[in-house]
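Notes for the one structure printed next.
We count residues from 1, following the sequence as given.
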Amino acid sequence: MKKIYAFDFDGTLTTRDSFLEFIRYVCGNWALCKGILRYSPLLVLMKLGLYPNWKAKQKVFAYFFKGMPLKDFAQQGRLFALDRQHLLRPQGVDMVKQAQAGDAEVLIVSASIDHWVQPFFPEVKVVGTQVEVEDGCLTGRFLTKNCYGQEKVNRILALYPHRNEYELIAFGDSAGDKELLAFADEAHYKPFRV
């Protein structure tokens with residue numbers, strides 16, 4: 001039976017949330033602090049479950065990146081991955097490599113934007129949140145649903161609809177991975193921590 005390995009990115013393969021780190025990398029510490037302060041009431045409501053995760057994330061994303069040319073955004077994603085390799089958990093990277101060597105399908109299923117996740121793992125299929133572009137520039141909106149919670153399962157089923165034809169091994173570390181881990185045949189919660 002075919003094996004599919006599905007890895008969450010933030011917190012599972014990385015030691016920190018890459019969204020905040022990417023903002024810090026592109027915009028600087030001061031801009032990050034200013035933006036987080038501006039949206040702190042929404043972020044608190046989101047943490048309390050009173051405001052949708054995707055909506056808060058999209059508002060913060062738009063604040064920092066709306067109007068940026070896609071080519072510049074993609075380039076920043078590549079540079080970020082080159083410069084921030086230290087964010088990766090070595091055991092997680094090793095597990096990805098082992099899964100690839102074992103002739104399995106390997107996915108990174110992440111709520112983060114694929115433009116900065118993919119460069120960390122160029123040979124792995126990344127299923128992430130995608131951004132909307134008009135006239136070559138970011139609109140500040142997401143093209144797809146935020147790849148979080150049940151959406152992670154939905155994306156896997158869209159790629160591999162015949163669930164009885166494969167064994168799913170999943171790795172995650174947060175509430176956003178709960179549905180993915182429950183859907184898997186073999187689930188690993190908070191792996192790769194020394």
Side-chain angles (χ1 to χ4, degrees), residues 1-19 21-22 46 49 52-55 57-58 61 74 77-78 80-82 84-133 141-194:
M1 182 179 279
K2 177 162 78 173
K3 287 190 176 185
I4 298 172
Y5 284 78
F7 295 86
D8 167 57
F9 186 66
D10 295 293
T12 301
L13 293 176
T14 68
T15 55
R16 293 192 196 122
D17 182 283
S18 67
F19 184 36
E21 288 298 310
F22 183 71
M46 179 193 80
N53 176 292
W54 71 268
K55 207 177 239 187
K57 181 177 176 180
Q58 185 172 258
F61 180 81
R78 290 188 290 273
F80 173 68
L82 283 172
R84 296 294 194 266
Q85 287 290 306
H86 65 273
L87 294 175
L88 295 175
R89 294 183 187 273
Q91 290 178 311
V93 173
D94 289 346
M95 188 69 223
V96 169
K97 288 177 181 172
Q98 283 176 34
Q100 288 177 296
D103 200 32
E105 297 271 344
V106 182
L107 307 172
I108 294 174
V109 187
S110 175
S112 283
I113 310 300
D114 52 4
H115 284 86
W116 72 73
V117 177
Q118 187 71 69
F120 279 96
F121 293 94
E123 296 172 10
V124 175
K125 181 170 184 57
V126 171
V127 180
T129 302
Q130 296 178 347
V131 294
E132 184 182 77
V133 177
R141 295 183 298 270
F142 298 147
L143 183 64
T144 60
K145 287 185 177 180
N146 188 30
C147 193
Y148 178 92
Q150 182 60 37
E151 185 61 17
K152 292 191 175 196
V153 174
N154 297 345
R155 296 283 193 90
I156 289 173
L157 284 172
L159 289 170
Y160 308 99
H162 306 291
R163 185 61 183 88
N164 59 333
E165 294 179 2
Y166 56 89
E167 180 184 353
L168 180 65
I169 300 102
F171 301 81
D173 78 307
S174 71
D177 304 314
K178 185 176 65 174
E179 292 85 350
L180 172 64
L181 295 173
F183 184 65
D185 298 293
E186 183 182 318
H188 300 271
Y189 180 68
K190 292 191 175 180
F192 318 131
R193 301 191 181 203
V194 179

Closest approach of [X] to [Y] (non-hydrogen atoms, all atoms of both residues):
X	Y	value
L87	R16	CD2-NH1, 3.6 Å
A187	L181	CB-O, 3.5 Å
Y166	I156	OH-CG2, 4.0 Å
G128	C147	C-CB, 4.1 Å
S110	D10	OG-OD2, 3.8 Å
S18	W116	OG-NE1, 2.8 Å

When rounded to the nearest 0.5 angstrom, what distance separates [atom1] in [X] from [atom2] in [Y]?
X	Y	atom1	atom2	answer
Q91	R193	CD	CZ	11.0 Å
T14	Q85	OG1	CD	12.0 Å
K178	Q150	NZ	CD	10.5 Å
E105	K3	CD	NZ	13.5 Å
L168	R163	CG	CZ	5.0 Å
K57	Y148	NZ	OH	10.0 Å

For F9, run the ring pair (Phe, Tyr, Trp, His ring centres under 6.0 Å) check against F192, F19, F120 and tell me which one passes.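 The residue from F192, F19, F120 that satisfies ring pair (Phe, Tyr, Trp, His ring centres under 6.0 Å) with F9 turns out to be F120.
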
R84 to F22, cation-pi by 6.0 Å centre distance and 45° axis angle: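 Verdict for F22: no cation-pi partner in R84.
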
Run the numbers on N146 and E151 for side chain to side chain contact (heavy atoms under 4.5 Å, CB included), then give the verdict. CA-CA 7 Å; N146 188 30; E151 185 61 17; over 6 Å; no

Non-hydrogen side-chain atoms of P90 and V93 separated by less than 4.5 Å: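 When only atoms from C-beta onward are counted, V93 and P90 do not touch, as no gap falls below 4.5 Å.
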
Close side-chain approach of E179 and K152, heavy atoms under 4.5 Å: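 When only atoms from C-beta onward are counted, K152 and E179 do not touch, as no gap falls below 4.5 Å.
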
Is the shortest side-chain N to carboxylate O distance from K190 to D8 below 4.0 Å?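 Looking at D8 together with K190, the answer is no, because their closest N to O distance does not fall below 4.0 Å.
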
Can you name the one residue among I108, V109, L107 that meets side-chain contact (heavy atoms from CB on, under 4.5 Å) with V126?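 In the set I108, V109, L107, the residue that makes a side-chain contact (heavy atoms from CB on, under 4.5 Å) with V126 is I108.
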
Can you label the angle between the F142 ring and the F61 ring as parallel, tilted or perpendicular, going by 30° and 60°?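 The arrangement is tilted - the two ring planes meet at 30° to 60°.
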
Tell me whether the rings of F171 and F7 are parallel (<30°), tilted (30 to 60°) or perpendicular (>60°).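 Ring orientation, 0 to 90° scale: parallel.
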
Within the side chain of T129, is there an N or O that forms a donor-acceptor pair under 3.5 Å with the backbone of I113?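 It does not hold such a pair.
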
Donor-acceptor contact present, side-chain Q118 to main-chain V124, <3.5 Å: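 The answer is yes, because a donor-acceptor pair under 3.5 Å joins these two groups.
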
Between the side chains of T144 and R155, is a donor N or O closer than 3.5 angstrom to an acceptor N or O?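 Short answer, yes.
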
Can you tell me if K2 has over 12 outside heavy atoms packed within less than 6.0 Å of its NZ?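 Atom NZ in K2 is packed in, count exceeds 12.
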
